[in-house]
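We number each residue from 1, following the sequence as shown.
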Amino acid sequence: MTHTDLIPSRRGWLALSPMIVFLTLYVAVSAMIGDFYKMPIAVALTAASAWGIGVVMRGGLSDRIGVFSRAAGHSDILYMIWIFVLAGAFASMAKEIGAVDATVALTLRVFPPQLLLPGMFLAACFISLSVGTSVGTVVALAPLAAEMAGAAGAPTAMYVAAVIGGAFFGDNLSFISDTTIAATRTQGCRMDEKFRANIRIVAPAALVSFIAYVFIGSDFTTAMPGLSPAAATPWLIAPYLLIIALAVAGINVAIVLSAGIAATFALGLAGGHDALTLCGYMGAGIDSMGNLIIITLMAAGLLGVIKSAGGIDYLLQRLTARISGARGAQACVAALVGIVNLCTANNTVAIITTGAISRDIARTYGITPRKTASLLDTASCIVQALIPYGAQTLLATALAGISPAAPWPYMVYPWALAVSVGISVAWVRKKREK
């Protein structure tokens, strides 16, 4: 970045102020009153968006609104909304015909209640590693997590947190993950090199998380409550088996959900439900995604305003201004992608945005491309897992019917991963980076 490109601090902080307004209204206010259900996230996003359009941006009002609208209407955002619609339709219909009860009943016959929580975490790790997408994993497991939590007498948010954490395990490691592809391409290293560097950081965090969930889950061993008669019908688990099998096969998540809806509809007809009733179930599920869709559109528009005003460029400028030594360089790369992820709510976009400058930092301070790629992917996944307005958390909590902030106290894996990253940076040895 040349001197002519430098953004003055006043303008830079002004560009970032919509995010500060949002975090103050949603996180700070909720924390002060001790209740994350009181302040609706959509209201906080609306207020921050109004501040960004009315105060931060320059130009005519129609041009400023156009920036917000184009960001909200981006093809990636609209595709995500399609996923939300399909997920809502599938989850609602599967629950109403008894597929969820049947799956929970089978799981409880195989695993004792005290192992359900770590088992859910491991299942999410395996599926996400296989499919390379945290969203697909959340779609497959979040509805089951909510029902299993009820069956085990545990907080729903605890099981949802285990699913979200496990989902990001694979998102971070999988060879077919968007984040892996983005990190390796921007840093110029092979996927297997990045995997080997990554697994040293990720494996200890996953092991600690599994052990923690074993102990946490052992406190909830109540007997399974009565389920619907459908719980005794094992063939009703077929839609979930189909969803998981297609996802593991690498099929597009929209196709996976469409196939799941078709299979569930057929099972519903075979079970005595009429077509119109099944359509009603799907409609109710789609309606339940309304708030999630609004939040997604508002967040995308807000982040578009911040980027257009120069907020992201200012962050890059400030975070790279003072770097000294290999440790400082690695810490800067991790902080850089993490903060940009906080402002974009998309780990792949954060990696792509910071990839080039991270590669320059790595070359200057003798950091291997595989280590930089690992840091980019891991740090972005940590932030994406923890922010309550990330797509994965919003979808998981919407499917489970809880607040986006509810899983926070139980998010063991992201925090364990953050500690692991910190240790890997603090213990960096110069000879390893040559």
Checklist entry - Between C381, S174, C125, which is the residue that forms a side-chain contact (heavy atoms from CB on, under 4.5 Å) with F169? => result C125
Checklist entry - What's the spacing between S69 OG and I53 CD1 if we round to 0.5 Å? => result 7.0 Å
Checklist entry - Where do A71 and I77 come nearest, in terms of heavy atoms and distance? => result O-CG1, 3.8 Å
Item to check | Over all atoms of both residues, closest heavy-atom pair of Y413 and V202 | outcome: OH-CG1, 3.2 Å
Next on the checklist: If the condition is side chain to side chain donor-acceptor pair (under 3.5 Å), which residues does S374 pass it with, not counting sequence neighbours?
Outcome noted: N198
Checklist entry - Where is the tightest heavy-atom contact between V333 and S358, given as atom of each residue plus distance? => result CG1-OG, 3.9 Å
Checklist entry - Does W408 have any ring-ring contact (aromatic ring centres under 6.0 Å, His included) partners at least two apart in sequence or in another chain, and if so, which? => result W415
Checklist entry - Is it true that the side chains of D171 and T179 contain a donor and an acceptor less than 3.5 Å apart? => result yes
Checklist entry - Closest heavy-atom contact between L141 and A123? => result CD1-C, 4.0 Å
Item to check | Smallest separation among heavy atoms of A385 and T393, with atom names | outcome: O-OG1, 3.6 Å
Checklist entry - How far does CG of L78 sit from CD1 of I83, to the nearest 0.5 angstrom? => result 12.0 Å
Item to check | Interatomic spacing from CD1 in I402 to OG1 in T156 - rounded to 0.5 Å | outcome: 6.5 Å
Next on the checklist: I need the minimum non-hydrogen distance between K194 and T180, along with the two atoms involved.
Outcome noted: NZ-OG1, 3.1 Å
Next on the checklist: Please confirm whether the ring centroid of Y410 lies under 6.0 Å from the ring centroid of Y213.
Outcome noted: no
Item to check | Main-chain N/O of G166 paired to S128 side chain as donor or acceptor, under 3.5 Å | outcome: yes
